Protein chains: 2
Amino acid sequence: MSATPRISEAEWEVMKICWNRSPVTAQEIIDRLAALDDWHPKTVKTLLNRLVKKRALGFKKDGRAYLYHPLVTEKDCVSAESRSFLDRVFGGSLRPMLAHFVEHQKLSSSEISELKTLLKQQEKK
Amino acid sequence: MSATPRISEAEWEVMKICWNRSPVTAQEIIDRLAALDDWHPKTVKTLLNRLVKKRALGFKKDGRAYLYHPLVTEKDCVSAESRSFLDRVFGGSLRPMLAHFVEHQKLSSSEISELKTLLKQQEKK
DNA sequence: ATTATATGATTACAGATGTAATTGATTTAT
DNA sequence: ATAAATCAATTACATCTGTAATCATATAAT
């Protein structure tokens, strides 16, 4: 897990699209975010430029348009973000955090059994 | 759960102290954060003022010094922050999020059994 | 070839945030 | 009573973020 740059809330939306569909043109990202979040094309371009500057995204010219691709993995960013959240809000303690989610978000019974399975697998390690 | 103001990363540290020891003087908060995060007293004062302006903290004058106390509950802030994190990083889906934490952070066997107990309680609802 | 259009690059601008310094008012020590 | 120390209020300032507009350049249409 290499160090990931700090990715803002709005930038996450862009990164998610890149992780799912890389390589992807600016136009496609713009279209998707216009539909999804009703963002102005110029706004999306700004976010793309900032992500390139942060070295979270790279691009290749494909004639007229650019093709963007992630330079950091989703896994690494998710891990960094999760760590930061856990530390900030729960003082780094996993148990209270998991308890919070299990209590607050209603879990369907299938989700509960999936989790139990996950826990059982953990137990064996 | 009343609407909570947005609380920044640094501000969280201040809030945590207030939630644990309210009512508390600026001096005590300053001392604790100097020890904990090595923050300058002036920095802490700025954070306190911003939190008062955001209506996350209130204060009462106690002669010379102020006594600060939270105006928003820890529970409400934790919930809001958790929601925002879940949405941003895991698209709002609980299962992948829990799976991430269970897989990445090593859980002690006692933590695992506690979690199982929590899940069993959930099942009954 | 000139004009219109599309798209990437640069610039803009207000509010949030991290990180304080300066000012002002009040209390305390001399 | 005056000077010194304390503590809150105001101001500072660079960077990040959200949200674009403008500028420049390349391609397409006439």
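Bear in mind the structure is a predicted one, so any value in this text is a computation, not a measurement. Naming convention: chains lettered A, B, ... in sequence-line order (proteins, then strands); numbering from 1 in each chain.
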Checklist entry - Could you state the CG-C1' distance from B:L47 to C:dA16, rounded to the nearest angstrom? => result 12 Å
Item to check | Presence of salt bridge, A:E9 and B:R6, under 4.0 angstrom | outcome: yes
Next on the checklist: Is there, by distance only and without an angle test, a donor paired with an acceptor across the side chain of B:K42 and the base of D:dT11 below 3.5 Å?
Outcome noted: no
Item to check | Integer-rounded Å distance: D:dA21 P and A:W39 CH2 | outcome: 16 Å
Item to check | Any A:H40 side-chain nitrogen or oxygen under 4.0 Å from OP1 or OP2 of D:dA21 | outcome: yes
Checklist entry - CD of A:E13 versus C1' of D:dG18: gap in Å, rounded? => result 13 Å
Checklist entry - Roughly how many Å is it from CG in A:D62 to C1' in D:dA26, rounded to a whole number? => result 15 Å
Checklist outcome for this item: note: A:R88, atom CZ; C:dG18, atom P; distance rounded to Å ~ 10 Å
Checklist entry - Are a donor atom and an acceptor atom from the side chains of A:S79 and A:D76 found within less than 3.5 Å of each other? => result no
Checklist entry - Just checking A:K53: base, sugar-phosphate only, or nothing, at a heavy-atom cut-off of under 4.0 Å? => result nothing
Checklist entry - Does OP1 or OP2 of C:dG18 have a side-chain N or O of B:T43 closer than 4.0 Å? => result no
Checklist entry - Given atom CG of A:L48 and atom P of C:dA9, what is their separation to the nearest angstrom? => result 10 Å
Checklist entry - Should the ring pair A:F85 and B:F85 be called parallel, tilted or perpendicular, given that the plane angle runs from 0 to 90° and is split at 30 and 60? => result parallel
Checklist entry - Using a cut-off of less than 4.0 Å, is there contact between a side-chain N or O of B:K54 and OP1 or OP2 of C:dT17? => result yes
Checklist entry - Atom OH of B:Y66 to atom P of D:dT6: distance rounded to whole Å? => result 18 Å
Item to check | B:K53 bridged to B:E11 by N-O distance under 4.0 Å | outcome: no
Checklist entry - Is the base of C:dT11 touched by the side chain of A:R50 through a donor-acceptor pair closer than 3.5 angstrom? => result no
Checklist entry - If you find the nucleotide of DNA chain D closest to B:K61 and the one closest to A:T46, which residue's nucleotide is nearer the 5' end? => result B:K61
Item to check | Whole angstrom value for the distance that separates P of D:dA8 from CG of B:L57 | outcome: 13 Å
Checklist entry - Between A:K45 and A:I7, which is nearer to the 5' end of DNA chain D once each is assigned its nearest nucleotide? => result A:I7
Checklist entry - What is the ring orientation for B:Y68 with B:Y66, classed by angle as parallel under 30°, tilted 30 to 60°, or perpendicular over 60°? => result tilted
